[in-house]
Amino acid sequence: MVRANANIQEFIHNYQPVDSAYLDLEWNGKFGGKFHDANLFFRLQLAEQVFF
């Protein structure tokens with residue numbers, strides 16, 4: 001579940017348990033170089049705001 005044009009600060013301040021799908025591993029079922037997690041970029045952006 002990719003969050004398009006997500007405002008990270010807005011997500012942090014308005015987080016509800018129903019939003020947890022945006023943090024889940026969105027695995028495409030493949031391994032190695034074909035592995036893809038559609039939510040990875042969003043989680044990285046979120047971590048930058050929270051931890052740095």
Side-chain angles (χ1 to χ4, degrees):
M1 176 177 292
V2 176
R3 188 174 170 100
N5 299 320
N7 179 320
I8 302 300
Q9 285 296 328
E10 183 179 321
F11 180 84
I12 293 168
H13 292 294
N14 298 313
Y15 179 80
Q16 297 292 319
V18 70
D19 298 324
S20 67
Y22 294 108
L23 306 175
D24 292 344
L25 172 68
E26 187 78 18
W27 182 38
N28 65 348
K30 298 181 180 176
F31 298 94
K34 294 182 180 181
F35 170 86
H36 180 73
D37 172 8
N39 290 337
L40 178 62
F41 184 67
F42 181 74
R43 286 194 312 273
L44 290 173
Q45 290 179 311
L46 185 65
E48 285 180 358
Q49 292 294 314
V50 172
F51 298 114
F52 300 105

Donor-acceptor contact below 3.5 Å, side chain N28 vs main chain K34: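 Yes; judged by distance alone, with no hydrogens or angles, the pair exists.
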Check: D19 side chain, Y15 main-chain N or O, donor-acceptor pair, under 3.5 Å: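 Between the backbone of Y15 and the side chain of D19 there is no qualifying donor-acceptor contact (under 3.5 Å).
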With sequence neighbours excluded, residues passing salt bridge (charged side-chain N to carboxylate O under 4.0 Å, His left out) with D24: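 Expected list: none.
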Is [X] linked to [Y] within one hydrophobic cluster, defined over Ile, Leu, Val, Met, Phe, Trp and Tyr using a side-chain heavy-atom separation of less than 4.5 Å?
{"X": "L46", "Y": "L25", "value": "no"}
{"X": "F51", "Y": "F41", "value": "no"}
{"X": "I12", "Y": "L44", "value": "no"}

Between CD1 on residue I8 and CD on residue Q49, distance to nearest 0.5 Å: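 I8 CD1 to Q49 CD: 7.0 Å, rounded to 0.5 Å.
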Atom pair CD (Q45) and CG (N7), whose distance is rounded to the nearest 0.5 Å: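 Answer rounded to 0.5 Å: 10.0 Å.
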Contact summary for F11 and Y22, nearest pair of heavy atoms: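 Taking every non-hydrogen atom into account, CE1-CD1, 3.9 Å.
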Stepwise side chain to side chain contact (heavy atoms under 4.5 Å, CB included) check, D37 with R43: CA-CA 10 Å; D37 172 8; R43 286 194 312 273; 2.3 Å; yes
Set of side-chain hydrogen bond (donor to acceptor under 3.5 Å, both in side chains) partners for Q16, sequence neighbours left out: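 In terms of side-chain hydrogen bond (donor to acceptor under 3.5 Å, both in side chains), with neighbours along the sequence ignored, Q16 is linked to no residue.
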F35 and L40: CA distance, side-chain angles, deciding distance, side chain to side chain contact (heavy atoms under 4.5 Å, CB included) verdict: CA-CA 11 Å; F35 170 86; L40 178 62; over 6 Å; no
